[in-house]
Structure formats: structure tokens, C-alpha cells
Enquirer: 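The structure under discussion is supplied below as C-alpha cells; questions concerning it will follow.
Whatever order the structure lists them in is the order used to number ligands and atoms, beginning at 1.
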Amino acid sequence: MERRKFLKKSSIGTAGVFSTSLISSCQEKTKDTSALIDEAKIIKPIVVCTWNFHNATSKAWKVLNSGGNALDAIEQGVMVEEADENNQTVGVGGRPDRDGNVTLDACIMDKESNCGAVLCMQNIAHPISVARKVMEDTPHVMLAGKGAEQFAYEKGFKKANLLTEKSRQEWLEWKKTSKYETIINIENHDTIGMLAIDKNGDIAGGCTTSGMGYKYAGRVGDSPIIGAGLFVDNEIGGATATGVGEEVVRTVGSFLIVELMRQGKSPQEACEEGVKRIMAKNEGRKDFQIGFLAINKKGETGGYCVHPGFTYSQYTDEGQINHPTESFIKA
Ligand code: ASP
């Protein structure tokens with residue numbers, strides 16, 4: 001029996017879902033639903049995202065709570081940050097590259113491991129939505145630069161000015177020294193990576209960023225790279241990253257974390273191991289921040305970072321929670 005039909009028959013309503021093993025056990029005894037309800041492991045919808053983006057998780061939660069799927073929740077949730085001019089690491093208002101151009105990266109992944117990404121795309125306010133279109137409407141996973149922008153126009157996206165006056169003034173100030181250095185929890189702060197589980201128990205994720213401020217033209221970090229900035233396996237869980245993307249790419253961070261969960265680690269343990277792997281390749285370095293966030297199929301979450309300061313937001317039917325995380329380097 002198909003899972004959706006079973007849920008309807010079992011009159012659980014939309015409160016949660018059974019684990020796969022329970023679904024098969026129920027297939028054998030569909031009449032005795034009350035016993036199954038007792039045994040059932042109910043998974044509640046949940047959304048988590050990097051940093052304190054309560055408006056984003058609230059939006060995603062509204063989608064989940066009204067029965068929407070995890071993919072829609074992710075897209076609509078992260079769009080809140082893409083549209084927020086005050087967030088200078090995502091979408092409109094993002095810091096430009098060293099030439100003064102705002103270039104955006106984003107990716108999205110669904111419960112069937114379908115994925116889409118745009119890299120280094122200019123003039124489009126919602127790269128997450130373009131990434132979704134790449135996933136759904138093309139045979140490809142990634143579109144970059146002019147090609148991504150052209151594709152967006154073909155799909156009806158409008159040209160937008162992404163460089164706000166504030167970001168432009170800061171860039172002009174930066175040009176006086178043109179020194180490229182990441183500032184922990186500042187320049188690499190605020191990329192949004194989001195993971196959600198919907199009422200069917202399905203997981204989706206998304207990640208969107210303007211990347212490192214004043215980067216080389218054409219630079220792409222981890223955020224739009226499936227496996228690095230984001231990875232989802234609907235059987236296991238999902239992970240996402242924020243921080244210096246070059247370091248996350250070197251260990252294929254988000255994929256690593258999902259694989260560690262597959263081997264039995266909790267989301268928290270997996271994030272800690274992910275950061276440790278990176279630090280093992282960077283002995284003595286203290287000049288970069290990375291934060292990992294993970295969720296497993298049961299709705300357990302975890303986060304860990306290199307330096308103190310990384311937090312993540314969560315929304316469930318118990319409300320909004322902000323989680324500070326432990327760090328590899330202590331304060
Ligand atoms: N991970 C992003 C990148 O390297 C930056 C960030 O998280 O702010 O492009």
C-alpha cells in the first residue's frame with residue numbers, strides 16, 4: 001500500500017508519520033490501527049536553519065504546518081532572507097565581489113535526491129527559486145554565471161539590482177586597502193542553509209548566499225555545491241554549512257555529515273566529527289569560522305562550529321527555539 005493511502009486509512013490524520021518498519025508492519029495488519037498508533041513513532045514537522053533567521057523559519061513553518069511539503073517550505077523560507085536587504089550575505093543587499101558585482105550561489109535538494117543549483121549568478125533576487133527550476137525543468141544540476149541568469153529570464157524572473165547603497169559604500173571603503181580577509185562571524189556570517197521535515201516525514205534542504213565578501217570575480221564556495229554546502233538523503237537526514245566555503249569543500253562537509261549519521265552518529269556527533277576533520281587538515285589555524293547544522297530522520301538536530309558564535313534556529317509545533325552551539329576552539 002502506498003504510504004499516503006495508508007496514512008489516510010489509518011486515520012492518523014496529519015499529525016505525523018510512521019517509520020518505514022512500522023509501515024510494513026501495518027501493511028500486514030491494517031485493521032488493528034489502534035495498536036499501531038501506540039507503537040507508532042510520530043515524526044513532527046520541523047525546520048532548522050543556520051543563524052538566527054526567525055523570520056525565515058517562521059515562514060517555512062507556516063508552509064509545513066498547513067500541510068505543505070518540505071521543498072516548498074525550504075524555498076519560501078530562505079526567500080525571506082534573500083529578499084532582506086539588511087542581510088549582507090544573501091540575495092539582495094549581499095556584499096559584492098572585489099569588482100563591485102553581487103554574485104549569488106544557491107542549491108536545493110529534495111526527498112528523491114533531485115537537486116539543482118545556480119552559481120555566480122547576477123541580477124536575480126531569488127537564486128533558490130532559479131535553482132529549483134534548474135532541478136525541475138532541466139536535465140542538469142548546475143547552471144553558472146550568464147547561463148544561469150539567462151535561464152532565469154527565460155523562466156520569467158525579473159532583473160533586479162542586488163547592490164544596495166550600504167553594501168556599495170562598504171565596498172568603496174574596502175577598496176582603499178583591498179585586503180581580502182575573512183572576519184570570523186562577520187564577513188562569513190549569515191548564509192542561510194535550511195533543512196525541513198514535512199508531515200509526510202520527508203526531508204528537503206536549501207542553501208543560499210552571496211558568498212565571501214570581496215571575493216575574486218567568479219569565486220564559488222561550498223554553498224551551491226551539493227555534498228559540500230548541502231546534502232539530503234531522505235532515508236537518513238540532511239546537513240548544511242556556513243562559513244569559509246573553501247574549507248567545507250575540501251572535506252565535502254555536508255555529505256560527510258550525512259554519511260556519519262548513516263553510520264549511526266547523532267546529528268550532533270556528526271557535526272562535531274565534521275568540524276574535527278576540517279581542523280585536522282588545518283592544524284594551528286584559527287582564522288576561519290565554519291558552522292555545520294544537521295537533522296536526522298527522527299527530527300533530532302545538532303550543530304557545531306570552529307569558533308564560538310554559530311547558532312541555529314528551529315521551529316516545531318513547540319514554537320521557535322534558538323540553539324547556541326559548542327565550538328572546537330573555545331572562547
Ligand atoms: N559558505 C559561504 C561561502 O563560502 C559563505 C558563508 O557561509 O557566509 O560562500
Enquirer: Less than 3.5 Å between some nitrogen or oxygen of G243 and one of ligand 1, yes or no?
Expert: yes

Enquirer: Taking distance alone, with no angle check, do T242 and ligand 1 share an N/O pair under 3.5 Å?
Expert: yes

Enquirer: Ligand 1 and V244, any nitrogen or oxygen pair closer than 3.5 angstrom?
Expert: no

Enquirer: How would you list, by chain and number, every residue that makes a side chain to side chain donor-acceptor pair (under 3.5 Å) with N55, sequence neighbours excluded?
Expert: none

Enquirer: Geometry only, no angles: is E246 polar-contacting ligand 1 at N/O separations under 3.5 Å?
Expert: no

Enquirer: Would you list the pairs meeting side chain to side chain donor-acceptor pair (under 3.5 Å) in which at least one residue belongs to residues 96-105, sequence neighbours left out?
Expert: T103-K215

Enquirer: In terms of side-chain geometry, is the basic nitrogen of K281 or E247 positioned less than 4.0 Å from the acidic oxygen of its partner?
Expert: no

Enquirer: For the pair K133 and E136, find out whether any cationic side-chain nitrogen is under 4.0 Å from an anionic carboxylate oxygen.
Expert: no

Enquirer: Look only at interatomic distance and state if T191 has a nitrogen or oxygen under 3.5 Å from any nitrogen or oxygen of ligand 1.
Expert: yes

Enquirer: Whether E273 and K276 form a salt bridge (side-chain N of Lys/Arg under 4.0 Å from carboxylate O of Asp/Glu) is what I want to check.
Expert: no

Enquirer: Provide the number and element of each atom of ligand 1 under 4.0 Å from a heavy atom of T89.
Expert: 8 (O)

Enquirer: So, regarding R219 and ligand 1 (criterion: nitrogen or oxygen to nitrogen or oxygen, under 3.5 Å), is there a contact or not?
Expert: yes

Enquirer: Under a 4.0 Å N-O cut-off, is there an ion pair linking R132 with D72?
Expert: yes

